[in-house]
Amino acid sequence: MDSHFDTNTVYLSVFAGAGGEDAKDWARMLLLMYKKYFDRKGLKYSFVNDNTIEVKGKDVYGLLKDESGVHRLVRISPFDAKKLRHTSFALVEVVPAFQRIGADDLVIPEKDLKIEFARSSGPGGQNVNKVETAVRIVHLPTGIAVSSQSERSQSQNREKAMTLLKSKLVKIMEEKHEKEVANLRVRVEPEWGHEIRSYVLHPYKQVKDHRTGLKITKVEEVLEGNLDLLKMSH
């Protein structure tokens, strides 16, 4: 891992895929699963925004990096009046935090950023305050959007959002072997279709890791945060 990164702090994000309410619910279920896993492991965590969690712990990136990818859920939809089976997708992204490195710090031209402000809302949607402290930043050349609403002030949220943006950009630069952020002109889109793990609740119960071929039947236990079941069975 490049020295630009702090492997003791990561940002874990979950993005709902196609599938309407089912996909949004699946993303919420995954966030809850990870929260319970962090509690089991005694990791410190806090929400940066509604779908991103900052997690801290010794080499937490090594612990969580294999969660990156598309997760697929098969179940009887609670949103379908006919009680039909639905398949939902969500993308999990695990990015190690970008470290401040003095003179070598990543500089992003202001013209490449679109910065928006809004009122913060809590994880349950309730209004936290009436001042526009939440910050959303879009990196125009790549289309990457980040936001922070967990801090009390606009300046703190802007700093947190910039750290998250830099973490994502540096990771992409490393993957594409780019030396300059200005060279990133590819619009980054989530790639669907190559799921790393499937969770089936109907017509049978099974979690399958598509990378290792591992299959276990304790789906509910995994969703309750016992991800070690997947590691122990390797």
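Keep in mind the model is a prediction, meaning the values are calculated, not measured.
- Counting heavy atoms from C-beta outward, Val219 and Val200 have side chains that stay 4.5 Å or more apart.
- Linking Ile, Leu, Val, Met, Phe, Trp and Tyr whenever their side-chain heavy atoms come within less than 4.5 Å leaves Phe47 and Val95 in two separate clusters.
- Distance check: Leu230 CG to Glu221 CD gives 11.0 Å after rounding to the nearest 0.5 Å.
- Residues Asp66 and Ile196 come closest through the heavy atom pair O-CD1, 3.6 Å.
- Ile137 places none of its side-chain heavy atoms less than 4.5 Å from the side chain of Lys114.
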Worksheet entry | Test side-chain contact (heavy atoms from CB on, under 4.5 Å) applied to Ile144 and Val138, step by step | CA-CA 6 Å; Ile144 293 175; Val138 182; over 6 Å; no
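- Proximity of Lys208 to Leu214: side-chain heavy atoms (C-beta onward) are nowhere separated by under 4.5 Å.
- Val135 and Leu113 fall within a single hydrophobic cluster, where Ile, Leu, Val, Met, Phe, Trp and Tyr side chains are chained together by heavy-atom contacts under 4.5 Å.
- Between the NZ atom in Lys166 and the CZ atom in Phe98 there is a gap of 5.5 Å [rounded to 0.5 Å].
- Contact detail for Lys41 and Asp228: the closest heavy-atom pair is NZ-OD2, 2.9 Å.
- Contacts of Tyr45 classified as ring pair (Phe, Tyr, Trp, His ring centres under 6.0 Å), with partners at least two apart in sequence or in another chain: Phe38.
- Between the side chain of Asp112 and the backbone N or O of Leu140 there is no donor-acceptor pair closer than 3.5 Å.
- Put simply, CD on Gln154 and CD1 on Ile115 are 9.5 Å apart, with the number rounded to the nearest 0.5 Å.
- Side-chain contact between Ile108 and Leu165 is present, with at least one heavy-atom pair separated by less than 4.5 Å.
- Here Lys215 pairs with nothing under the salt bridge (charged side-chain N to carboxylate O under 4.0 Å, His left out) rule; sequence neighbours left out.
- For the pair Ala145 and Lys168, the tightest heavy-atom approach, listed with the atom from each and the gap, is O-NZ, 4.5 Å.
- Side chains of Glu67 and Tyr34: a donor on one and an acceptor on the other come within 3.5 Å.
- Taking 4.5 Å as the limit, some side-chain heavy atom of Gln149 sits within range of a side-chain heavy atom of Asp50.
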Fill in: Criterion side chain to side chain donor-acceptor pair (under 3.5 Å) on Tyr11 and Glu93, from CA distance to verdict
CA-CA 8 Å; Tyr11 297 106; Glu93 180 185 78; over 6 Å; no
Contacts under 3.5 angstrom, residues 80-91 side chains, donor-acceptor by atom type, not counting sequence neighbours:
unit_1 : atom_1 : unit_2 : atom_2 : d
Asp80  : OD1    : Lys82  : N      : 2.7
Asp80  : OD2    : His86  : NE2    : 2.9

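- For the pair Asp209 (side chain) and Arg197 (backbone), a donor-acceptor distance under 3.5 Å is absent.
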Considering only distance and modelled atom types, tabulate donor-acceptor pairs under 3.5 Å from the side chains of residues 19-26, sequence neighbours left out.
unit_1 : atom_1 : unit_2 : atom_2 : d
Asp22  : OD1    : Arg75  : NH2    : 3.4
Asp22  : OD1    : Ser77  : OG     : 3.1
Asp22  : OD2    : Ser77  : OG     : 2.7
Asp25  : OD2    : Arg75  : NH1    : 3.1
Asp25  : OD2    : Arg75  : NH2    : 2.8
Trp26  : NE1    : His71  : O      : 3.0

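- Ser147 pairs by the side chain to side chain contact (heavy atoms under 4.5 Å, CB included) definition with Asn49, Arg136, not counting sequence neighbours.
- Side-chain contact between Val48 and Ser148: present, with at least one pair of heavy atoms (C-beta onward) separated by less than 4.5 Å.
- Under a cut-off of 6.0 angstrom, the local environment of CZ in Arg158 is sparse, with at most 12 non-hydrogen atoms contributed by other residues, nucleotides or ligands.
- In this structure, CG in Leu63 is found 11.5 Å from CG in Asn8, a value given to the nearest 0.5 Å.
- Other residues, nucleotides and ligands place no more than 12 heavy atoms under 6.0 Å from the NZ atom of Lys218.
- Residues Phe117 and Val146 fall within the same hydrophobic cluster, defined by Ile, Leu, Val, Met, Phe, Trp and Tyr side chains chained together at heavy-atom separations under 4.5 Å.
- Within the model, atoms CG of Leu31 and CG of Asn51 stand 7.0 Å from one another, a figure rounded to the nearest 0.5 Å.
- Residues Leu227 and Met33 are in side-chain contact: their nearest non-hydrogen atoms beyond the backbone lie under 4.5 Å apart.
- Here the side chains of Thr7 and Val60 are not in contact, with every heavy-atom distance at 4.5 Å or above.
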Discussion item. Go through it in stages, so that I can follow the logic: the residues are Glu54 and Lys160, the test is salt bridge (charged side-chain N to carboxylate O under 4.0 Å, His left out), and I'd like the CA-CA distance, side-chain angles, deciding distance and then a yes or no.
Written reply: CA-CA 10 Å; Glu54 182 181 55; Lys160 176 86 77 175; 3.0 Å; yes
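- Here the closest non-hydrogen pair linking His210 and Ser198 is NE2-OG, 2.6 Å.
- Listed by chain and residue number, nothing satisfies the salt bridge (charged side-chain N to carboxylate O under 4.0 Å, His left out) test with Lys65 (two or more places apart in sequence, or in another chain).
- No continuous path of hydrophobic side-chain contacts links Leu223 to Phe79 [ILVMFWY only; heavy atoms under 4.5 Å].
- In plain terms, the two heavy atoms of Thr133 and Arg152 that are nearest each other are CG2-O, 3.4 Å.
- Distance check: Leu30 CG to Leu12 CG gives 9.0 Å after rounding to the nearest 0.5 Å.
- Linking Ile, Leu, Val, Met, Phe, Trp and Tyr whenever their side-chain heavy atoms come within less than 4.5 Å leaves Val74 and Ile216 in two separate clusters.
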